Protein chains: 2
Amino acid sequence: MKAEVIVSLKEGVLDPQGKAICHALSSLGYSNVKNANVGKVITLEIEGEDKEKIRKEIEAMCESLLANVVIEDYKIKI
Amino acid sequence: MKAEVIVSLKEGVLDPQGKAICHALSSLGYSNVKNANVGKVITLEIEGEDKEKIRKEIEAMCESLLANVVIEDYKIKI
């Protein structure tokens, strides 16, 4: 089974990567780009059929490894 | 208008980050994780209403800055 975890910075947390992208795009002439935010997308291949059980496992993986829950949020798509 | 760009490694390109995550998860006891791949998700806030025009602009941004098209693929969601 394939699952996707999208990890993004929480609202209000400074995003230097996003700022750098925004600045670079405007210097390339894309002045209509008002803001950019960068996150991670982690695609996992997991053995098992029980979606709910796997969702709970992935939540535990996010809490312990995949996301820094102090400054990041995560969304799980199965 | 908000747009999302998902940048991921092409099939066959080595993904050391993914390998490291897979290894770390199995050492945490999640042995059912068979593979992991890591990509970027870039959320852009762009001025404008014409979706097709903006999609073309974002494609140009990907080709020139947001993705390394030699080893990465990108998907645009508007």
Side-chain angles (χ1 to χ4, degrees), chain A residues 1-11 13 15 17-51 53-67 72-78, chain B residues 1-11 13 15 17-51 53-67 72-78:
Chain A
M1 185 179 301
K2 268 205 172 186
E4 203 176 73
V5 178
I6 295 183
V7 179
S8 53
L9 288 170
K10 287 186 175 178
E11 200 71 40
V13 175
D15 182 358
Q17 235 181 335
K19 290 270 175 285
I21 285 178
C22 214
H23 187 70
L25 287 174
S26 69
S27 61
L28 284 172
Y30 302 106
S31 52
N32 57 344
V33 177
K34 291 306 157 199
N35 194 31
N37 293 101
V38 182
K40 284 178 292 197
V41 54
I42 302 163
T43 311
L44 298 172
E45 270 171 49
I46 300 188
E47 271 175 1
E49 296 311 319
D50 180 347
K51 278 195 176 183
K53 186 174 164 272
I54 285 179
R55 177 179 292 278
K56 284 211 172 49
E57 266 192 331
I58 297 175
E59 271 169 24
M61 293 177 198
C62 289
E63 296 284 330
S64 61
L65 179 78
L66 301 180
E72 291 174 329
D73 288 323
Y74 58 86
K75 277 185 291 189
I76 299 167
K77 290 184 195 168
I78 295 181
Chain B
M1 185 182 298
K2 269 205 171 185
E4 204 176 72
V5 178
I6 294 182
V7 179
S8 52
L9 287 169
K10 287 186 173 177
E11 201 70 41
V13 176
D15 182 358
Q17 235 182 332
K19 289 270 173 287
I21 284 177
C22 215
H23 187 71
L25 287 174
S26 69
S27 59
L28 285 172
Y30 301 106
S31 52
N32 57 344
V33 177
K34 291 306 157 200
N35 193 30
N37 293 102
V38 182
K40 282 179 292 196
V41 55
I42 302 163
T43 312
L44 298 172
E45 271 169 50
I46 300 188
E47 271 176 2
E49 296 311 317
D50 180 346
K51 278 194 175 183
K53 185 173 165 273
I54 284 178
R55 177 179 292 279
K56 286 213 169 50
E57 267 191 331
I58 295 175
E59 271 169 24
M61 292 176 199
C62 289
E63 297 283 331
S64 60
L65 179 78
L66 300 179
E72 291 175 329
D73 288 324
Y74 57 86
K75 278 184 292 189
I76 299 167
K77 289 185 195 168
I78 295 182

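Within every chain, numbering begins at 1; the chains are lettered A, B, ... in the order of the sequence lines, protein sequences first and strands thereafter. Every value quoted in this text rests on a predicted model; they were computed, and no experiment measured them.
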>> Report which part of B:A3 has an atom under 4.5 Å of a heavy atom belonging to chain A: side chain, backbone, both, or neither.
In response: neither
>> Taking every non-hydrogen pair under 4.5 Å, which of A:A36, A:G39, A:S64 racks up the most with chain B?
In response: A:G39
>> Can you tell me which of A:N35, A:I6, A:V5 forms the most heavy-atom pairs within a distance under 4.5 Å of chain B?
In response: A:N35
> In Å and rounded to the nearest 0.5 Å, what is the CD1 to OH distance from B:I54 to A:Y30?
Replying inline: 13.0 Å
> Of the backbone (N, CA, C, O) and the side chain (C-beta and beyond), which part of B:L65 lies under 4.5 Å from a heavy atom of chain A, both, or neither?
Replying inline: side chain
>> Using side-chain hydrogen bond (donor to acceptor under 3.5 Å, both in side chains), reason through B:N32 and A:E57 one step at a time and then give a plain yes or no.
In response: CA-CA 10 Å; B:N32 57 344; A:E57 266 192 331; 2.8 Å; yes
> Near B:K10 NZ, under 6.0 Å, is it more than 12 heavy atoms from other residues, nucleotides or ligands?
Replying inline: yes
>> Which one wins on heavy-atom pair count under 4.5 Å against chain A: B:Q17, B:K34, B:K2?
In response: B:K34
> So what's closer than 4.5 Å to chain A heavy atoms on B:L28: side chain, backbone, both or neither?
Replying inline: side chain
> When rounded to the nearest 0.5 angstrom, what distance separates CD1 in B:I21 from CG in A:L44?
Replying inline: 7.5 Å
>> If I measure from the heavy atoms of chain A, does B:L66 come under 4.5 Å with its side chain, its backbone, both, or neither?
In response: side chain
>> As an exercise: rank B:V38, B:I58, B:I42, B:N37 by heavy-atom pairs under 4.5 Å with chain A and give me the winner.
In response: B:N37
>> Quick check for you: among A:I46, A:V41, A:V33, A:V7, which has the greatest number of heavy-atom pairs under 4.5 Å with chain B?
In response: A:V41
> Going through the checks in order, is the side chain to side chain contact (heavy atoms under 4.5 Å, CB included) test met by A:K40 and B:K40?
Replying inline: CA-CA 5 Å; A:K40 284 178 292 197; B:K40 282 179 292 196; over 6 Å; no
